[in-house]
Amino acid sequence: MYRIAMMVFRLFLKAPFYFFQIWRCGKKKGITLDEAYACVRKVTKAANRAGKVTIESYGLENIPKENGFIFFPNHQGLYDVLAFLESCPVPFAFVIKKEARNVILLKQVVEALGSIAIDREDVRQSMKVIQQVTEEVKSGKNFLIFAEGTRSRDGNSLLDFKGGSFKSAVKAGCPIVPCALVDAFKPFDEKSIKPVVVKIIYLPPMYYEEYRGMKTVEIAAEVKMRIGKAIEQHV
């Protein structure tokens with residue numbers, strides 16, 4: 001957490017203003033998702049500069065031109081969403097575990113972007129989240145879902161991808177965009193404040209025609225395989 005402390009220290013004078021801006025986006029009516037995302041992204045870029053984190057993006061041309069898709073990246077640590085917020089040019093919301101829902105600042109970001117907290121131990125609530133994501137994706141909103149369910153604690157290695165994570169995509173019939181995160185564990189999980197580079201590789205999307213008829217566990221295995229190959233090429 002040394003880097004988080006450095007970010008806070010270097011942004012000490014601006015932090016209250018940044019916090020208020022994001023809070024306002026989640027509370028004030030009439031603010032569009034595009035406006036809220038622009039605000040959150042601006043703050044994220046400032047935090048990354050303060051923390052000496054550089055984001056390298058590859059495959060941005062693979063992001064679908066039409067909204068209503070879901071990013072499925074590997075999950076390396078607490079920093080992952082910050083990497084996407086700086087890198088991704090189009091607004092998205094994300095699904096997070098309920099335990100992280102009330103973390104200060106993250107809570108305000110969740111509200112500003114209309115993100116959703118899920119309780120994996122509550123089957124009924126999980127089904128409601130799946131249905132809510134399905135409907136919002138159908139209406140043209142983009143989401144990010146970590147299919148591993150929990151973060152890998154072994155560097156750039158992958159955990160198994162859970163088939164249930166893909167139910168919303170299947171129900172919505174939307175594009176699935178596999179994304180590979182490389183070294184995203186380093187900013188917050190390593191006890192260092194040395195400059196670090198995090199890579200995001202946006203892989204070609206899987207459209208509904210490609211995965212129609214596949215079981216969700218088969219989709220999960222295919223997405224994991226593609227991400228694994230991308231990580232091998234960029235480590």
Side-chain angles (χ1 to χ4, degrees), residues 1-12 14-15 18-19 22 37 39-60 71-113 115-118 142-159 161 165 177-203 227-228 230-231 234-235:
M1 296 297 179
Y2 293 169
R3 197 177 305 273
I4 295 177
M6 181 172 69
M7 287 177 172
V8 173
F9 177 77
R10 298 184 70 181
L11 294 175
F12 183 75
K14 294 183 178 179
Y18 286 152
F19 181 88
I22 294 176
Y37 186 75
C39 173
V40 172
R41 197 177 184 206
K42 177 182 178 182
V43 174
T44 300
K45 289 181 177 181
N48 284 336
R49 287 195 300 272
K52 300 180 182 178
V53 183
T54 299
I55 308 298
E56 291 185 359
S57 304
Y58 302 86
L60 287 167
F71 292 120
F72 284 96
N74 54 312
H75 193 11
Q76 295 194 332
L78 297 173
Y79 180 77
D80 296 352
V81 172
L82 288 179
F84 272 94
L85 287 171
E86 171 163 339
S87 169
C88 186
V90 296
F92 66 89
F94 49 91
V95 176
I96 62 167
K97 58 183 180 180
K98 69 166 188 175
E99 292 81 1
R101 177 66 175 81
N102 292 317
V103 174
I104 190 168
L105 188 57
L106 181 57
K107 175 181 179 179
Q108 285 69 39
V109 171
V110 167
E111 292 177 348
L113 300 182
S115 296
I116 304 171
I118 187 169
N142 309 315
F143 270 86
L144 183 152
I145 297 175
F146 293 109
E148 288 167 291
T150 188
R151 56 177 171 153
S152 169
R153 296 182 182 273
D154 188 19
N156 290 308
S157 299
L158 299 176
L159 300 176
F161 281 35
S165 301
V177 186
C179 303
L181 284 168
V182 176
D183 293 340
F185 63 93
K186 291 184 176 181
F188 288 170
D189 292 354
E190 290 189 344
K191 296 180 179 180
S192 172
I193 58 173
K194 293 181 179 179
V196 63
V197 175
V198 173
K199 298 178 183 179
I200 298 182
I201 304 96
Y202 298 89
L203 301 172
I227 291 174
I231 290 175
H234 286 83
V235 168

- [ ] Go through the steps to decide whether L144 and S115 satisfy the test side-chain contact (heavy atoms from CB on, under 4.5 Å), and finish with yes or no.
- [x] CA-CA 9 Å; L144 183 152; S115 296; over 6 Å; no
- [ ] Evaluate the side-chain proximity of D183 to V197: yes if any heavy-atom separation is below 4.5 Å, no if none is.
- [x] no
TODO: Locate the shortest heavy-atom distance separating A93 from L113; write the atom from each residue and the value.
DONE: CB-O, 3.5 Å
TODO: Test P187 against every option in L78, V196, D80 by the side-chain contact (heavy atoms from CB on, under 4.5 Å) rule and name the one that passes.
DONE: V196
Task: Inter-residue atom distance R49.CZ - T54.OG1, 0.5 Å rounding - done: 11.0 Å
Open item on the list: Would F94 and F146 count as a side-chain contact (heavy atoms from CB on, under 4.5 Å) here? Give the steps.
Closed with: CA-CA 9 Å; F94 49 91; F146 293 109; 5.8 Å; no
- [ ] Kindly check if the number of other-residue, nucleotide or ligand heavy atoms within 6.0 Å of CD1 (I193) is above 12?
- [x] no
Open item on the list: Quick check: closest heavy atoms across M6 and A50, and the distance to 0.1 Å?
Closed with: CE-O, 3.6 Å
- [ ] Return the set of residues passing side-chain hydrogen bond (donor to acceptor under 3.5 Å, both in side chains) with D189 (not counting sequence neighbours), or none when no residue passes.
- [x] R151
- [ ] Compare all side-chain heavy atoms of K52 with those of R10 and state whether any distance is below 4.5 angstrom.
- [x] yes
- [ ] Apply side-chain contact (heavy atoms from CB on, under 4.5 Å) to V90 and Y37, showing your working.
- [x] CA-CA 8 Å; V90 296; Y37 186 75; over 6 Å; no
Open item on the list: Has Q76 got a side-chain atom pairing as donor or acceptor with L181's backbone, closer than 3.5 angstrom?
Closed with: yes
- [ ] Decide yes or no for E148 and L158: does some side-chain heavy atom of the first lie under 4.5 Å from some side-chain heavy atom of the second?
- [x] yes
Task: Atom pair CG/CD1 of L82 and I55 - distance to nearest 0.5 Å - done: 8.5 Å
Task: Non-hydrogen side-chain atoms of V109 and V43 separated by less than 4.5 Å - done: no
TODO: Please lay out, stage by stage, how I96 and V81 fare under the test side-chain contact (heavy atoms from CB on, under 4.5 Å).
DONE: CA-CA 10 Å; I96 62 167; V81 172; 5.5 Å; no
Task: Shortest non-hydrogen contact from I201 toward A230 - done: CG2-CB, 4.5 Å
Open item on the list: For the SG atom of C179 and the CG atom of L203, what is their distance to the nearest 0.5 Å?
Closed with: 7.0 Å
- [ ] Check whether any side-chain heavy atom of F72 lies under 4.5 Å from a side-chain heavy atom of P178, and answer yes or no.
- [x] no
- [ ] Look at the side chain of R3 and the backbone N and O of F188, then say whether any donor-acceptor pair between them is shorter than 3.5 Å.
- [x] no
Task: Distance in Å, Y58 OH paired with Y202 OH, rounded so as to fall on 0.5 Å steps - done: 12.5 Å
Open item on the list: Can you confirm whether N48 sits close enough to M7 that some side-chain heavy atom of one is under 4.5 Å from a side-chain heavy atom of the other?
Closed with: yes
Open item on the list: Using 0.5 Å steps for rounding, measure from the OH atom of Y79 to the NZ atom of K186.
Closed with: 13.0 Å
Open item on the list: Measuring only between side-chain heavy atoms, which start at C-beta, is I22 closer than 4.5 Å to C39?
Closed with: yes
Open item on the list: Looking at every non-hydrogen atom in both residues, tell me the closest pair between P89 and R41 and how far apart they are.
Closed with: CA-NH1, 3.8 Å
Task: From E56 atom CD to I200 atom CD1, the distance as rounded to the nearest 0.5 Å - done: 11.0 Å
Open item on the list: Would the distance check show the side chain of T44 and the main-chain N or O of V40 forming a donor-acceptor pair, the cut-off being under 3.5 Å?
Closed with: yes
Task: L11 versus A47, closest heavy-atom pair with distance - done: CD1-CA, 3.7 Å
